[in-house]
Amino acid sequence: MKTCHRFRRIKTGFEREIGFSQAHAERHAGRPAAKASAKYAISTKYRMAQALNRHISHCPECG
């Protein structure tokens, strides 16, 4: 599927945020902050999926 530059920009931003959260969770394993970061990464994946689906449904270049 061919996607536009906005799709890639949205996806890259979310993936960066997920990576930061996962790295924080790994660095602080066993602490409450790690659990919170891991949960935040999971919720960010869900929000990324919603944002990308919304983008595809509205973008004439991607759809």
Side-chain angles (χ1 to χ4, degrees):
M1 171 173 73
K2 187 174 186 294
T3 57
C4 69
H5 69 282
R6 284 194 67 216
F7 182 92
R8 289 186 294 275
R9 186 170 41 105
I10 293 168
K11 186 176 178 185
T12 302
F14 274 108
E15 287 175 340
R16 184 180 316 120
E17 190 172 342
I18 291 166
F20 290 154
S21 296
Q22 288 175 338
H24 182 268
E26 290 174 7
R27 277 194 314 270
H28 300 283
R31 295 176 143 180
K35 188 174 181 180
S37 290
K39 285 183 180 180
Y40 182 73
I42 291 169
S43 68
T44 303
K45 287 180 186 179
Y46 177 74
R47 286 184 300 141
M48 178 178 73
Q50 286 182 323
L52 293 176
N53 283 331
R54 189 170 37 249
H55 173 81
I56 287 176
S57 66
H58 291 96
C59 180
E61 194 175 329
C62 291

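Computed from a predicted structure; not experimentally measured.
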Considering all heavy atoms, the nearest Lys11-Met48 contact: O-SD, 4.2 Å
For Arg6, what residues pass the side-chain hydrogen bond (donor to acceptor under 3.5 Å, both in side chains) criterion, not counting sequence neighbours? none
Going by the rule side-chain hydrogen bond (donor to acceptor under 3.5 Å, both in side chains), which residues pair with Ser21 if we only count those two or more places apart in sequence or in a different chain? none
Inter-residue atom distance Thr12.OG1 - His5.NE2, 0.5 Å rounding: 12.0 Å
Interatomic distance, Thr44 atom OG1 to Arg16 atom CZ [nearest 0.5 angstrom]: 13.0 Å
Validation: residues 23-30 side-chain donor-acceptor distances under 3.5 Å, sequence neighbours left out:
{"unit_1": "His24", "atom_1": "ND1", "unit_2": "Ser37", "atom_2": "OG", "d": "2.7"}
{"unit_1": "His28", "atom_1": "ND1", "unit_2": "Arg31", "atom_2": "NH1", "d": "3.4"}

Side-chain polar contacts of residues 49-63 - donor-acceptor pairs under 3.5 angstrom, sequence neighbours left out - could you list them?
{"unit_1": "Gln50", "atom_1": "NE2", "unit_2": "Tyr46", "atom_2": "OH", "d": "3.0"}
{"unit_1": "Asn53", "atom_1": "ND2", "unit_2": "Ala49", "atom_2": "O", "d": "3.2"}
{"unit_1": "Ser57", "atom_1": "OG", "unit_2": "Asn53", "atom_2": "O", "d": "3.4"}
{"unit_1": "Ser57", "atom_1": "OG", "unit_2": "Arg54", "atom_2": "O", "d": "2.8"}
{"unit_1": "His58", "atom_1": "ND1", "unit_2": "Arg54", "atom_2": "O", "d": "2.8"}

By the salt bridge (Lys or Arg N to Asp or Glu O under 4.0 Å) test, which pairs, at least two apart or in different chains, include something from residues 33-52? Glu17-Arg47
